[in-house]
Amino acid sequence: MDGAAAARATAAVPSIPRDDDGPVFREPWQAQAFAMALTLHERGLFTWSEWAAALADQIKRAQAAGDPDTGETYYRHWLATLEHLVGEKGVATTETLHRYRDAWDHAADRTPHGKPIELRPEDFAG
């Protein structure tokens, strides 16, 4: 992950969990979600102010639905925001996102623990 890009993101989006060295993640998927947002931003899909507003809206909706706002769900909101913006910008439809999520779930179910998950054509058949 580009350190300069990560620094710009943490400066632009104050809610990102961080320490003195930059963003912190509890699990690898959180870092991957962060990296996806960095990449999409760098490719011009959204500005950081647009991202921050969309993330804030997502968190408000989640809190209104009962999310306790303990910080444990922050990157789940991050993923939901990614899905929303990708759909809103016409990069992928909701159906495509669900198709890939389901394929990923199928691939993860058949993959032994500790092995890399690889998508195969049959993962999309289910």
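All values reported here derive from a predicted model rather than from experimental measurement.
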Quiz item: Is it true that R110 and D123 make a salt bridge, defined as a side-chain N closer than 4.0 Å to a carboxylate O?
Solution: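 Salt bridge: yes.
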Quick check: closest heavy atoms across [X] and [Y], and the distance to 0.1 Å?
X    : Y    : value
W29  : R76  : CH2-N, 3.8 Å
A33  : L79  : CB-CD2, 3.7 Å
D19  : V24  : OD2-CG1, 3.3 Å
T111 : P116 : CG2-O, 3.5 Å
A37  : W51  : CB-CH2, 4.3 Å

Self-check item: Any residue meeting side chain to side chain donor-acceptor pair (under 3.5 Å) with R120, in chain and number order, not counting sequence neighbours
Solution: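 Partners of R120 by the side chain to side chain donor-acceptor pair (under 3.5 Å) criterion come out as none, since no residue qualifies.
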Quiz prompt | Which residues share a side chain to side chain donor-acceptor pair (under 3.5 Å) with Y74, sequence neighbours left out | solution =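 With neighbours one apart ignored, the set is S15.
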Exercise. Before giving the answer on side chain to side chain contact (heavy atoms under 4.5 Å, CB included), spell out for V91 and L85 the whole-Å C-alpha distance, their side-chain angles and the decisive distance to 0.1 Å.
Key: CA-CA 9 Å; V91 174; L85 286 174; over 6 Å; no
Quiz item: What distance separates W48 CH2 from L55 CG, expressed to the nearest 0.5 Å?
Solution: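 One finds 10.0 Å between CH2 of W48 and CG of L55.
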Quiz item: Rounded to the nearest 0.5 Å, how far does NE2 of H106 lie from CG of L119?
Solution: 11.0 Å
Self-check item: Heavy-atom side-chain proximity of P17 to Y75 below 4.5 angstrom
Solution: yes
Quiz item: Do R26 and E72 have side-chain heavy atoms sitting under 4.5 Å apart?
Solution: yes
Quiz item: salt bridge (charged side-chain N to carboxylate O under 4.0 Å, His left out): which pairs involve residues 81-102, sequence neighbours left out?
Solution: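 As it turns out, the salt bridge (charged side-chain N to carboxylate O under 4.0 Å, His left out) pairs with a partner in residues 81-102, which skip direct neighbours, are E50-K89.
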Self-check item: Modelled atom types, side-chain donor and acceptor of H77 and T73, under 3.5 Å
Solution: yes
Quiz prompt | Side chain Q30, main chain E27, donor-acceptor under 3.5 Å | solution = yes
Quiz item: Hey, what's the ring geometry for F124 with Y100, parallel, tilted or perpendicular (30° and 60° as the breaks)?
Solution: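 It falls in the perpendicular class, over 60°.
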